[in-house]
Amino acid sequence: MIELAVVAAAFMAAAGIYGLLSRRNLAFVVLSLELIFNAGILLLVLLLPSATNQADTVSAALLLLAVGAAEVAFGFALAVVLARKYRTSDILVLTQLEGKVER
Amino acid sequence: MIENVTLLIATAGLIVGSAYAVASRKLFKAVLGFAVSMLFLGGIYFVLNQRFFALIHIIVYVGGVAVMALFAYITSISAEEVEESARPFNWLAFMAAAATFVLLLAAGLKMLGGISLNSYKPISAFLVGRVLLGSRLFEFEVVSVLLLVALLASIAIAVGGKKE
């Protein structure tokens, strides 16, 4: 029955990959990245019984959780400002701004 | 028995939530789907006997990330910017996602080997705290600095964008 959790992790990573490749809005891209990130953390926790020091592994997973939170906070701050300044969060449009942004 | 049923429900909820988060064109609905999937992911951690980790996960992702995403984005920009226009189905992205699913499933099932639900022993907050403030103190401090920098950078970006 534990295989269900692996299915969940694989689906979450696949959904994240699909979102990452098909969406163009920066906010959706950040959400998709978080799905992939959490699939990785779930797989790490799933492999706990084979770890030599389980508390160490859970601590590593907790630190990864904090890194994910920092990433999403920065990503959304960037998305909000870009949307406010250029009236779009389309990553393809934002890519074309290279060299044209006022400093 | 009850663990199996809970795991089944949590997995189903997580799959529906993540599919909704990725398929939805409106950010509000996508974030709601994300929050639901994270809530059910916390349920999976709970079934795996990692209660402390499940609690922290739900607090950070459902209480923090999802709420922040909703408030920060939806209250600061207009509705048309948080909604993507309809585009044809992206087959290339779908193929990449399907390949990821198959590869990750095969690798995950192989690595699990003889692990069952009974193999997961609860790791208390005390044990985690002892590791974080002991052998992993340096990593703990690095992540603390990272969070502080992310916080300050987010404030700086948001305030800078507002002035312009």
Side-chain angles (χ1 to χ4, degrees), chain A residues 1-19 21-25 27-28 31-32 34-35 38-39 42-43 45-50 54-56 58-63 65-67 69-74 76-81 83-85 87-89, chain B residues 4 7-8 11 14-15 18-19 21-22 27 30 34 41 44-45 48 50 53 56-57 60 64-65 68-69 72-73 76-77 81 84 90 92-94 96-98 100-101 104-105 108-109 111-112 115-117 119-121 123 127-128 131-132 136 139 143 146-147 150 153-154 157-158 161 164:
Chain A
M1 213 49 183
I2 191 71
E3 290 80 10
L4 275 176
V6 183
V7 173
F11 186 85
M12 205 157 52
I17 291 282
Y18 179 77
L21 295 177
S22 65
R23 310 309 292 260
R24 285 166 54 175
N25 190 306
F28 289 97
L31 277 187
S32 303
E34 279 308 300
L35 284 177
N38 275 289
L42 176 57
L43 280 176
V45 173
L46 276 174
L47 293 173
L48 261 185
S50 50
Q54 296 196 4
D56 207 23
V58 173
S59 310
L62 268 177
L63 294 177
L65 215 66
V67 173
E71 171 203 323
V72 79
F74 191 73
F76 268 98
L78 207 59
V80 167
V81 171
R84 201 187 280 153
K85 195 171 176 184
R87 313 307 302 168
T88 180
S89 289
Chain B
N4 289 341
L7 188 60
L8 186 68
T11 304
L14 192 146
I15 287 174
S18 10
V22 171
L27 183 69
F34 178 76
L41 182 56
I44 291 180
Y45 290 139
L48 297 178
Q50 308 307 318
F53 188 72
I56 297 293
H57 175 84
V60 170
V65 170
M68 181 199 68
Y73 210 73
S76 55
I77 56 175
E81 282 157 357
E84 279 198 337
N90 192 333
L92 192 68
F94 180 76
T100 307
F101 180 76
L104 215 53
L105 191 64
L109 290 178
M111 281 194 295
L112 270 186
I115 297 173
S116 68
L117 269 180
S119 316
Y120 294 90
K121 297 189 171 49
I123 309 290
L127 276 176
V128 174
V131 170
L132 283 179
R136 295 283 173 210
E139 289 87 341
V143 171
L146 177 78
L147 279 175
S154 304
I157 287 174
E164 285 163 20

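Just so we're on the same page: letters track the sequence lines, and every chain starts at 1.
Residues B:Met111 and A:Val6 have side chains not in contact (no heavy-atom distance under 4.5 Å, counting atoms from C-beta outward). B:Asn4 has its side chain out of reach of A:Leu4: every pair of non-hydrogen atoms, C-beta onward, lies at least 4.5 Å apart.
Ranked by heavy-atom pairs under 4.5 Å with chain A, the first of B:Ala97, B:Ser18, B:Gly64 is B:Ala97. Heavy-atom pairs under 4.5 Å with chain B were tallied for A:Leu21, A:Leu46, A:Asn38, A:Val72; the largest tally goes to A:Asn38. Of the listed residues (B:Ala93, B:Ala30, B:Ala150), the one with the most heavy-atom contacts under 4.5 Å to chain A is B:Ala93. In terms of heavy-atom pairs under 4.5 angstrom with chain A, the leader among B:Val60, B:Leu117, B:Ile56 is B:Ile56.
Residue contact with chain A, scored on non-hydrogen atoms closer than 4.5 Å, involves the side chain of B:Val143 exclusively. Within the 4.5 angstrom heavy-atom criterion, only side-chain atoms of B:Ile44, from C-beta onward, approach chain A. Only the side chain of B:Phe34 comes within less than 4.5 Å of a heavy atom in chain A; its backbone stays farther off. If you measure heavy-atom distances from B:Leu127 to chain A, the contacts under 4.5 Å come from both the backbone and the side chain. With a 4.5 Å cut-off on non-hydrogen atoms, B:Glu139 touches chain A through its backbone and its side chain both. Contacts of A:Ala61 with chain B are made by both backbone and side-chain atoms, with heavy-atom separations under 4.5 Å. With a threshold of 4.5 angstrom between heavy atoms, B:Ile115 approaches chain A through its backbone and through its side chain. With a 4.5 angstrom heavy-atom cutoff, B:Leu109 touches chain A via backbone and side-chain atoms both.
Each of B:Thr11, B:Leu14, B:Ile15 was scored for a side-chain contact (heavy atoms from CB on, under 4.5 Å) with A:Phe11, with one residue passing: B:Ile15.
The structure places CZ of B:Phe94 at 14.0 Å from CD1 of A:Ile17, a figure rounded to the nearest 0.5 Å. Between the CG atom of B:Leu146 and the CZ atom of A:Phe74 there is a distance of 10.5 Å, given to the nearest 0.5 Å. Considering CG of B:Leu7 and CE of A:Met1, their distance stands at 6.0 Å, rounded to 0.5 Å.
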- From CA spacing to verdict: side-chain contact (heavy atoms from CB on, under 4.5 Å), B:Leu41, A:Leu42: CA-CA 8 Å; B:Leu41 182 56; A:Leu42 176 57; 3.7 Å; yes
- Item | Worked verdict on A:Ile2 versus B:Ser116 for side-chain contact (heavy atoms from CB on, under 4.5 Å) | CA-CA 6 Å; A:Ile2 191 71; B:Ser116 68; 5.6 Å; no
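Not one N or O on the side chain of A:Tyr18 forms a donor-acceptor pair closer than 3.5 Å with the backbone of B:Ala98. No donor-acceptor pair closer than 3.5 Å links the side chain of B:Arg136 to the backbone N or O of A:Asp56.
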